[in-house]
Amino acid sequence: MILFILCFILFVIGLYGVIMQRNLIKIIIGFAIMEYSVILFLILIGYIDAATVPIISESFESGPFVDPLPQAMILTAIVIGLATKALLLSVAIRLYKKYGSFDIREMKNLRG
Amino acid sequence: MIDFQMLIIMPIVIGVVLFLLPDNLKIIKGVISLLISAYTAYLSVMVFSLPHQFIATLGSINWLYIPGFEKFMDLKVDGLSKLIVLFIGIFGFLYSLYSLSYNRRRAPNSEPNHIPGNYHTYYLITLGASFGVALTDNLLLFVFLWGLLGLTLYKLIKGHNEESSAAAKKTLVLIGASDSVLILGIGLLYICSHTFKISDIHLGTTTTLSTVAFLSLLIACMTKAGAFPFHTWIPDYTKDAPASISAYLPASLDKLLGIYFLARMCMSTFILSGWVTLLLLIIGALTIITSVLMALVQHNYKRLLGYCAVSQVGYMITGLALGTPLGIAGGLFHMVNHAIYKGGLFLTAGSVEKHTGKEELGELGGLCKYMPVTFAAALVFALSISGIPPLNGFYSKWMIYTGIIEFGSGKGIANQLWMIWLTLAMLGSSLTLASFVKLISGIYLGRKNEQIGTVKEVGFPMFFPQIFLAMLCIAFGIFAARWVIPEFFEFTGIGSWKSLPGLWNAPSVSIMILISIIVGFIIYWMGTLKTSRRSDSFVGGEKLQQELSFSSLEFYKTIGTMKFFNYFYDKANKKWFDVYHLGKECVLGLSSALSVCHTGILSTYVVWVVLGVATIMVLLII
Amino acid sequence: MNSLIPLYVVIPLGTAFLTIILGRWFKAISKILTIPALLFLTGLTFYLISQSPQTIVYRVGGFADLLDIPLAIFLVADGFTNILLLIISVVGLLVALYSLDYTKRFSAEEKFYALLNLMIAGMYGVVLAGDIFNLYVFLEIASIASYVLVAFNIEKQQLEATFKYQILGGVSSLLILAAIGFIYWTTGTLNLADIARQLPDANAFQIFVSVLLISGFGLKAAMVPFHSWLPDAHSSAPSPISAMLSGVLIKAIGIYVIIRLFFNIIQINPQIALTVTILGTLSMIIGVFLAIGQWDFKRLLAYHSISQMGYVILGIGMGMLILANGGKESIANLAITGGLFHMLNHSIFKALLFLNAGSVEYITGTRSLQKLGGLSNKMQITSGSSFAASMAISGIPPFNGFFSKIMIIFAAIQAGYYWLALLAVIVSIVTLASFTKVHKYAFYGDLPSKYENVKESPFSMALAMSLMALLCLIMSLMIVPSVRAIFLQPAVDALMQTTNYSSIVLGK
Amino acid sequence: MELYLIIMLALMILGSIYSLHAKDLLSAVVSYGIVGFALVISFLLLQAPDLAIVQVVVEIITLIIMIAVITNTTHETESKKLGLGAIFYSVSVLLFVTVALLFMSRFAFVLNSFGQHVTRMADNYVGSVAETGSANIITGIIFHFRAYDTLGEATVLFTAVIGVICILRHEELKAPDAVKIDVIQTMPKGMTLVVKNICQFLAPVIFLFGAYVAIHGHLSPGGGFTGGVIMASAFIFQILAGGSVLDKLRKEKWRLELSESVAIFSFLLLAVLGLLIASALVFFANFLPTGNIGELVSGGIIPIGNVIIGIEVCAAISSIFVALLIYKDEELG
């Protein structure tokens, strides 16, 4: 259970970063950390004691395997995460050009 | 047997067809609209001859038949709705005729007229929807058509400048709000009675639910008819809308329908309890007094007429609130009379406006020579609205006064206070007289203002409706006692006129009316006192008319400087008594408070999410 | 017929890919492909709806279930899905039509259409998904496409809006992913129907997952207090995109999933139902009060989206509450019908309003209401269609919004939630007030001298707006029982028979 | 085993705390990298080699992109603090943590504890993976049973790439080819000769390795995504080390964009072919013979899918990078 709690703490740190940081890049980092914690959480779920890598092989006895489904899901999630981060970074670099800084506090034209 | 469903269907369908025609066929559209309204007027006369309690359904028209929908399409003709249908038909035709000429381009030197686009479409849809409102026996169809009326009302005023678009906005907001409240009321009514059939509902206003339902419906009626405190759209609307539309909707149809529905509620749908009666009487009295006080100080004649239109609603509500046969009959009779003379007044105002291009009393004067017919009609209407015998306004007011006195003999708080209602009603009548002396003298008497160019009498299409309505006023007045009022009782099924013989000859009421007329002149004279002295020193031995024309201008200042009134006028100018304005202030205040919270900072937003999740968790953990 | 279901995803995706491949050589390819593709899908949707209401279950890859446990990813199209398919197709088609002229001023036009198609494909994928992870993936497609489209013109405000939108959208995606993890933890399955069977009865765990899902999808649906991204994103985006976001996206990836999950998958639960209803009510009120104070045309509309979605959620949440508390089914039916009807209506009139705002902005170059005025004579189609949409959203007859509004209010009254009915009425009044404000400042009043020579917007924009205004009227017909039976009733039935979903989908 | 994981998690927590508190953005990014690599090791410990390979390469690429962004903009972080707001924010987060932990403690006992996972759906996949002919169960799942998800995933990447290209496109450019940009800025000449030479030698090897991983995805750890990311890294190294001219980069970007879309389109075609060829009109039918487990030519369409996705991912990630470089030249240079 401690693993899950640590995972949750990692999530909270990421969240805290997103909330408290003023710098766009650091907000993105905080967001990425949140994402890591969720990814890790799913893999932790799928782990089974004394199970092997889910690859069928003739050389050694196959199974029991760890749950392959979360791994398949996470493979997708990692790619999605990469896509999101790339997009965020490209927006950040554009924002830097427009505002001359990475400070999110200055970006409040849209309010009210 | 006639297809009186066509009353509803045909104007709406033709209206939509006209919408599809190109806009530059204005005259053709006008003629089509006139023909349709003539046909519906004919149909409405036919409906008038139908037997009582006639039931039909809209769904009986083939192409409109929708399976499973018939029950929402019930129509029912009874005495009350017949009466309303007849007058809607007449007004629809007259005003359509009037519009033909009124909508044409004016004299080149005057301002462009502000006739909204697709005028005839909305005119006809209004007509059909009004017939529908009067005839339907299903609350859902009722609310649908009722809402449609609000929509056309909005589209029939052209927001050509800041002021008129503000008026349009205010109108739609108030009417739309009352429609929403109406929906709430109908929902509550359904809970109480488990039916949408109007004629099947008979509820006491004893439980909270039914009282709230009644109040919701009441608000809808009051807004539509224009009673205090929901009346504020009417003066704004009448000031900026075309005169034909002011006559058509706020002065005639909206009054007819609003009071019609109120009458239906008071007569059959609800059994009023003492408190509700008291509430209605207070509303009635307040409406009479506040609006007529406002009317006194207006210098735009269309606005003045708007305020007077509101004031008269007070009489109708008072009459209906009494709950006695005499009171209800008086209220309904007053409704009809009012629709006639107030519609007529707007028509005459429209004629004046079309030919002079002026809307301020101070810029006009002495038109009686140039527009004699209009002047004569206006005079009849003005005398009628002020309750001068033997015109129709006198008789309906008289019935209401008698009703109040009769009502006073009953037990209950509202009954005990009958003196107050009577006094206020009579005071209102006096003030109405005062304001109309001002109107007539301001426009028609006195010396002609040089700024106005040549003025001609209006053409036949405008001239005929005015005369016709004036004749109606006179006819209703002359034949009131012998024929109109007894028929009225018969028709609406309130009771028998002959059962109340003792009241007709009550001399006390006649004396009261006389007193109120005298008081009215005194008030007007008091108002002119100061200024005539000043104008004396200015013009010397000129004619009396000139003093009058001057004093009508200065009237506002005189009344306005009286200490007691001064306070209220001041507040009224700041819109303290305007429900719309108050609501607007509240909503905008709340809005800006919420808006401040949206700081535009991402961190805050994320914190909201976090707090939101936490709050939901806390709520669910318990 | 079943095999036509994948086309919903294949066709927009194929269009998007082809657009990028060929776009460099054939400039017009994006337009030539997009309109017929969406037209075809619209036709297909009507065909699906016209068939007798039955649930179509499509197993991607054709793998049969093993030991009663699904193996393939399911695509499920039942009555409720059909409604969403209808919304996406029709609004998508009309917005694409509108864009034909609107995007002429854009650079990288073909990418705009590619992204639009991707977003549409993502939304189709979400509403068709019968598998929670597949739903997540397609949700991401739709979201990421929308992130980009919001900032398509790379203006300062757009970038700012998209950054906030992305961070909050990302947080919501993570919440959803975590919820999927939790669900997988206990049930060991991803198939929605299977989850419905496996998920334990109401307990703390189920509620926790519900909280994650409510907040995750609530963020996508912009329910208060998760709404803060919406006004920024929807007002900054190019107008056709605002129309798609407000008209379709928040419904397809937000409201739809919430309704589907809490009716059919997670056992109906009074606490959750109450929470959803409260959130709906809050959104309804706060949204409208924020809206009325706005001076930015599109921002005002954006806040109304929050409010109107609150209306939808209110109707459906009440239905859920009544069902969960064992109240009268007929009232629940009315409430859900009202909610779904309003959702359908909102997609049309809100999309139309955004298109109107876009048209005004296209012609005058501003969307500040204070700088506009008197356009009703100059831009008759825009002002007329905007009038229809405004009256529809304010619930004035004979437009469609009136009927759905009346249904929701009546349902609230009949169920005994008088206060909710009162709030709904107040919201409808304030809505009306704010749209009369729009009309007063944008279309009525004095025409500023610099707009003396403006003309109506180009043909395709005007056509799309007129069609939508017509739809605002025509959709009123859905109140007619026979029409309702075709369009709305299957959806309501699918929701009302809460537990039937899994048995129908799994075939027993 | 659990202990190692705890250590890794602790490392991740420390790394993330430092990363969020570092004054300099570069060190923040680098310590963020530590978090990512700790995650890779955790994956290895958790018997997920596929993920570990993908994660390590994705991590490197993310770091490269981040560093590229930072070097083109600023290292500085804002020194201003949040003031009173910070207290409110902290309290809210604390509240959230407390409530969430309280809530979770209420149902924690009903969940399977770590390592005691009970599979349900996955049993079926493991049981029937033999029919796919794929030795790697994960590849079997993502290209056979859940190939539809993979289509979605590839589309997400495609969308993001189109998005990045859109957002980083030249602002003044109103129509893509109408205006010729006058900024003909050259890339830096690349790195030193030694690095260049080594890269020239290494890049093809890395590329080949990536291709190998992609092609053998159904047999060994890795697959289309993994292989694609590795191939992309080879490409990126070459550009970084060798340097390139803007015009050439533009052509490169277009080529990458094209190959990416062609690849993903052919993946879609592969899926639709199933719809057309398979008798039952099945979307994503594996219509090719599946062969025997362990052979290279087995698994039906799985290897084809792997290769296509490999190309798509490679092109996608490379074009993100190239788009960044072009942006740097056009807007900043």
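Note that the coordinates shown come from a computational prediction; the quantities given were computed from them, not determined experimentally. A, B, ... follow the sequence lines: proteins, then strands. Residue 1 opens every chain.
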Chain C contact via [X] - side chain, backbone, both or neither, heavy atoms under 4.5 Å:
| X | answer |
| --- | --- |
| B:A166 | both |
| B:L590 | side chain |
| B:H598 | side chain |
| B:L611 | neither |
| B:L588 | side chain |
| B:K584 | neither |
| B:S592 | neither |
| B:L620 | both |
| B:V143 | both |

Examine whether an atom of [X] lies under 4.5 Å from a heavy atom of chain B, and if so say whether it belongs to the side chain, the backbone or both; otherwise answer neither.
| X | value |
| --- | --- |
| C:F443 | neither |
| C:I286 | both |
| C:K405 | side chain |
| C:F403 | side chain |
| C:L290 | both |
| C:V430 | side chain |
| C:I396 | side chain |
| C:L447 | neither |
| C:L422 | both |

Atom pair [atom1] ([X]) and [atom2] ([Y]), whose distance is rounded to the nearest 0.5 Å:
| X | Y | atom1 | atom2 | result |
| --- | --- | --- | --- | --- |
| B:D179 | C:S394 | CG | OG | 11.5 Å |
| C:I413 | B:C192 | CD1 | SG | 10.0 Å |
| B:S591 | C:Q294 | OG | CD | 6.5 Å |
| B:I616 | C:I207 | CD1 | CD1 | 12.5 Å |
| C:Q166 | B:L602 | CD | CG | 11.0 Å |

**Q.** Lys NZ or Arg CZ of B:K169 over C:Y444 ring: under 6.0 Å, within 45°
**A.** no
Q) Taking atom NZ of B:K197 as the centre, does the number of heavy atoms from other residues, nucleotides or ligands within less than 6.0 Å exceed 12? A) yes
Q: Answer yes or no: does atom NZ of B:K26 have more than 12 heavy-atom neighbours from other residues, nucleotides or ligands under 6.0 Å?
A: no
Q. What is the minimum heavy-atom distance between B:L148 and C:P398, and which atoms define it?
A.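 Scanning both residues completely, I find the closest heavy atoms to be CD1-CD, 3.3 Å.
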Q | Taking every non-hydrogen atom, the tightest pair across C:F410 and B:I183 | A |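 C:F410 and B:I183 have their closest heavy atoms at CE1-O, 3.3 Å.
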Q: Output the option from C:Y303, C:F208, C:W229, C:F163 having the highest count of non-hydrogen pairs under 4.5 Å with chain B.
A: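 Option with the top pair count is C:Y303.
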Q. Among C:P231, C:A412, C:G293, C:G395, which residue forms the greatest number of heavy-atom pairs with chain B at distances under 4.5 Å?
A.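 Sorted descending by pairs with chain B, the first entry is C:G293.
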Hey, are the side chains of [X] and [Y] touching, using non-hydrogen atoms and a 4.5 Å cut-off?
| X | Y | answer |
| --- | --- | --- |
| B:V609 | C:S215 | no |
| B:V613 | C:F226 | yes |
| C:D232 | B:Y605 | yes |
| C:Y418 | B:L188 | yes |

Under 4.5 Å, counting heavy-atom pairs only, tell me which of [options] racks up the most with chain C.
| options | answer |
| --- | --- |
| B:Y154, B:W146, B:Y190 | B:Y154 |
| B:M617, B:E163, B:K170 | B:M617 |
| B:S180, B:G176, B:G147 | B:S180 |
| B:L594, B:L174, B:V606, B:T604 | B:L594 |
| B:L145, B:L140, B:L172 | B:L172 |
| B:H160, B:E162, B:K155 | B:K155 |

